[in-house]
Amino acid sequence: MVKQHSYWQLFSAVFSKDLKLAFRQRAEIVNPILFFLIVITLFPLAIGPEPGLLARMAPGIIWVAALLSTMLGLDKLFRDDYHDGTLEQLIASSYPLPLTVLAKVAAHWVITGLPLVLMTPVFALLLNLESSALLATVLTLLLGTPLLSFIGAIGAGLTVGLQKGGILMSLLVLPLYIPVLIFATSAIDTSSMELAYSGQLAILGAMLIVAILAAPIAISSALKVSVS
Amino acid sequence: MWKWLHPYAKADRAYQLCNTLLPYFAVVTVVCMIVGWVWGLAYAPADYQQKDSYRIIFIHVPSAILSMGAYSSMAIAAVIALVWQLRNAELAVIAIAPVGACVTAIALITGAAWGKPMWGAWWVWDARLTSELILLFLYLGVLSLYHAFEDKKAAGRAACILAIVGVINLPIIHFSVEWWNTLHQGATITKFDTKAIDPSMFWPLMVNIVAFAAFVGTVTLIRLKNEILQREKHRPWVRQMLERG
Amino acid sequence: MQFDSFADFIAMGGYGFYVWLSFGSCALILLGILVSSLNDTKRIFSSVKQQAQREERIKKAKQEAGQ
Amino acid sequence: MQLAGPNGAGKTSLLRIIAGFAMPDEGDVLWQDRSIAKYYDEYAQSLLFIGHKTGVNSQLTALENVAFWLKINGYDTQQDLYPILAKIGLVGLEDVPVRMLSAGQQRRVALVRLWLNSAKLWILDEPFTALDKSGVAFLQARFVEHLNAGGAILLTTHQDLTTQFSDLKTVTLEYRH
């Protein structure tokens, strides 16, 4: 029983386990998308179906809806592993915990974030957003949703041990989401004025890289605190 | 009072019933679907105003009607399941829900595709389209509630309750959306009214409606058989049937 | 036949894209739900067979343990 | 080494501190006289921990759970797991989602790891719970094998182990308010 270390084997093991679990319980994939669609449908019912007004507000509506549905999927991220003891095995395994966490957050993004990005052009029709702002919205979401998953995972790691962790987590995580939201919506505004918005995208990209490198360390120390 | 209904409370009798009905439904579906589509697409006269884009009516109207029909029959099955504790009715609710959701999705897609040439926008917050969208949410709500439960008996009962709550809300949703729509009448353009149809268009539409209804019946029967088998998996009659089949 | 040639039939008086989009998506969804239901039937039958095999394995292990 | 003491004497929390899940208020846990807080990865190389929580996912089957555990510990997964699962009494239940199994059977899925690892130090929190007669005997045989191979076991249990293990050291914790 010799132990050989291949980080890729660990990453793919954790990643494929989460995906397999998600596909076994279809709800984990369908619920965030459904929630995203319903939040988008509420706005026209609330502020009236006038196409011009809706088109102007559409990017903001889509971003807030995406932010909330990512939040929805976050508390499930570590909850099952915490309650059935897999988290302890992951900590006591011979691999570094940040790598495991990286795989889990990546799987979480593929399950909740990616479908949102893919469905945005379809749901944007509800808000008849068809101009160049749609492309900017999709691009900012493509960069933004993984960022939301990484930042949110820190909140999830901190509150996984608590009973009523859900609300508390959103209180912790929402302030951290504000810079992402600001840069994303400013990118969309400049795009709707047909100007170049690559600056904002670059900032979002930089944030994402920092999150990929720094967040797993923060998340694993948060998990170690929650487990103790 | 419902004496003839009681034998079908037993699972295998209900399974046999589905099996005997299935071929008839399937034949009617195939025949009507082919006749309806060919007649509607190729032989029915073009509309003088909308020319050929109106042909989408031959699947939009039937699917819209069926989406309401499937939901109400689901709700009726739910009432039977809860009031008379008929477990097979509970299975029927679970069998109809996905088919109803698909038919509602078709109604939405065809409505949007028909709206684009007529009003220049894929989606118009027209009263009927909006209620259709909310109906889709009701279907998906029943489905995700059913799949959220581990123990399938509790899941069935919960889904029935939600289906009944949904059907009570349907008229309320419809009238509030209607009122909301007239409130913003200025915003949306003409409503989705189908004028009096002359016979040459009426008959292909009828055939399509029958075709869609038969299709929903067929798939519901297949899914009902699945649900019965799923619940009775460890019973001997399932295994014997398998060896024979 | 309302259309002179097959090409007109496809063009559908200029609205071909919308008509065929709706009929195509309708056919796709109908076939989708039908095929998925038939697959469910196959899946349930195979799980019943699998259960039978499991019982075989348990019986065989008991016999071996019995000797 | 057996950690004995009445319920609530702190046996489990001491185990968790030694396994590195919890931080001691003062003092330090050393492994080959290096603090595990700083060198946790080396310590984890030779550690196997099985606590109250089985660490087995209820949606996956026993096979998938064991395969996953092997992967996250760097063991090769091509080996045939059926005989091992059969040995521990899970015949016929290998491909059933674990939520269908009884508590005892779920613990057996967790205990299969004892046959699949090369860790030197085993930390086991009441390994014998929910196990029947044959399971207990089976586990004790595996303990003897591990000890003869030079391994170390730190466990808590209410079973009387002195008959089986003559050189068993016991530390008893009093219940201090």
Side-chain angles (χ1 to χ4, degrees), chain A residues 1-28 76-104 107 160-161 217 220-228, chain D residues 13 15-25 36-37 40-61 64-77 79 97-99 106-107 109-110 113-119 121-123 125 149:
Chain A
M1 291 303 293
V2 72
K3 270 197 180 180
Q4 359 79 328
H5 270 263
S6 97
Y7 290 119
W8 171 248
Q9 191 193 21
L10 173 86
F11 186 91
S12 66
V14 175
F15 190 83
S16 53
K17 172 198 167 213
D18 275 10
L19 283 191
K20 190 191 296 179
L21 280 177
F23 278 104
R24 240 164 236 191
Q25 292 157 325
R26 284 286 158 54
E28 258 177 60
K76 286 198 299 300
L77 187 56
F78 298 115
R79 192 163 38 99
D80 292 342
D81 285 348
Y82 176 81
H83 288 302
D84 63 29
T86 317
L87 201 51
E88 283 166 0
Q89 293 303 324
L90 287 171
I91 293 174
S93 89
S94 41
Y95 284 100
L97 189 58
L99 182 63
T100 323
V101 162
L102 187 70
K104 280 195 82 65
V160 70
I217 296 154
S220 46
S221 46
L223 286 176
K224 283 200 171 114
V225 165
S226 304
V227 162
S228 68
Chain D
S13 12
L15 274 193
R16 290 176 69 85
I17 290 174
I18 295 171
F21 293 142
M23 299 300 290
D25 298 342
I36 66 166
Y40 191 74
D41 281 346
E42 280 85 22
Y43 176 52
Q45 300 284 355
S46 39
L47 167 70
L48 171 72
F49 176 83
I50 299 182
H52 281 302
K53 299 187 201 152
T54 53
V56 163
N57 185 302
S58 58
Q59 300 299 336
L60 299 176
T61 67
E64 286 161 345
N65 269 303
V66 174
F68 177 68
W69 187 84
L70 288 173
K71 280 207 198 101
I72 61 171
N73 282 292
Y75 298 114
D76 85 45
T77 52
Q79 49 191 326
V98 167
R99 67 176 187 281
Q106 288 189 18
R107 278 208 75 77
V109 176
R113 298 173 191 148
L114 299 179
W115 280 265
L116 296 167
N117 76 86
S118 62
L121 169 64
W122 287 0
I123 299 184
D125 200 342

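All values below come from the heavy atoms of this structure, side chains included, with hydrogens, waters and symmetry mates left out. Note on naming: letters A, B, ... go to the chains in the order of the sequence lines (proteins, then strands), and numbering restarts at 1 for each one.
Across all their heavy atoms, D:Ile50 and A:Gln89 have their closest contact at CA-NE2, 4.4 Å. Nearest heavy atom pair, residue D:Asn73 against residue A:Ser93, reads OD1-CA, 3.4 Å. Between D:Lys71 and A:Tyr95, the shortest heavy-atom distance links the atoms O-CE1, 3.7 Å. Residues A:Gln9 and D:Tyr75 come closest through the heavy atom pair NE2-O, 4.1 Å.
Heavy-atom distances place no part of D:Tyr43 under 4.5 Å from chain A, backbone and side chain included. The parts of A:Tyr82 that come within reach of chain D are both its backbone and its side chain, each placing non-hydrogen atoms under 4.5 angstrom from that chain. Heavy atoms closer than 4.5 Å to chain A are found in the side chain of D:Glu64, but not in its backbone. At a 4.5 Å heavy-atom cutoff, A:Val225 makes no contact with chain D through either its backbone or its side chain. Residue D:Phe68 touches chain A through its side chain alone, counting heavy-atom pairs closer than 4.5 Å. Using a 4.5 Å cut-off between heavy atoms, A:Ile91 contacts chain D through both its backbone and its side chain.
In terms of non-hydrogen atom pairs under 4.5 Å with chain D, the most contact-rich of A:Ser12, A:Ala92, A:Ser16 is A:Ala92. Considering only heavy-atom pairs separated by less than 4.5 Å from chain A, the leading option among D:Leu48, D:Leu60, D:Thr54 is D:Leu60. Ranking A:Leu10, A:Leu87, A:Leu21 against chain D, the residue ahead of the rest is A:Leu21, based on heavy-atom pairs under 4.5 Å. Between chain A and the options D:Arg16, D:Lys53, D:Arg113, the largest number of non-hydrogen pairs under 4.5 Å is found for D:Lys53.
The side-chain heavy atoms of A:Thr100 and D:Ile72, taken from C-beta on, include no pair separated by under 4.5 Å. Contact check for A:Asp80 versus D:Gln59: no side-chain heavy atoms found under the 4.5 Å cut-off.
Here the CE-NZ distance, from D:Met23 to A:Lys224, works out to 10.0 Å after rounding to the nearest 0.5 Å. Here OG1 of D:Thr61 is found 6.5 Å from CZ of A:Arg24. Values are rounded to the nearest 0.5 Å.
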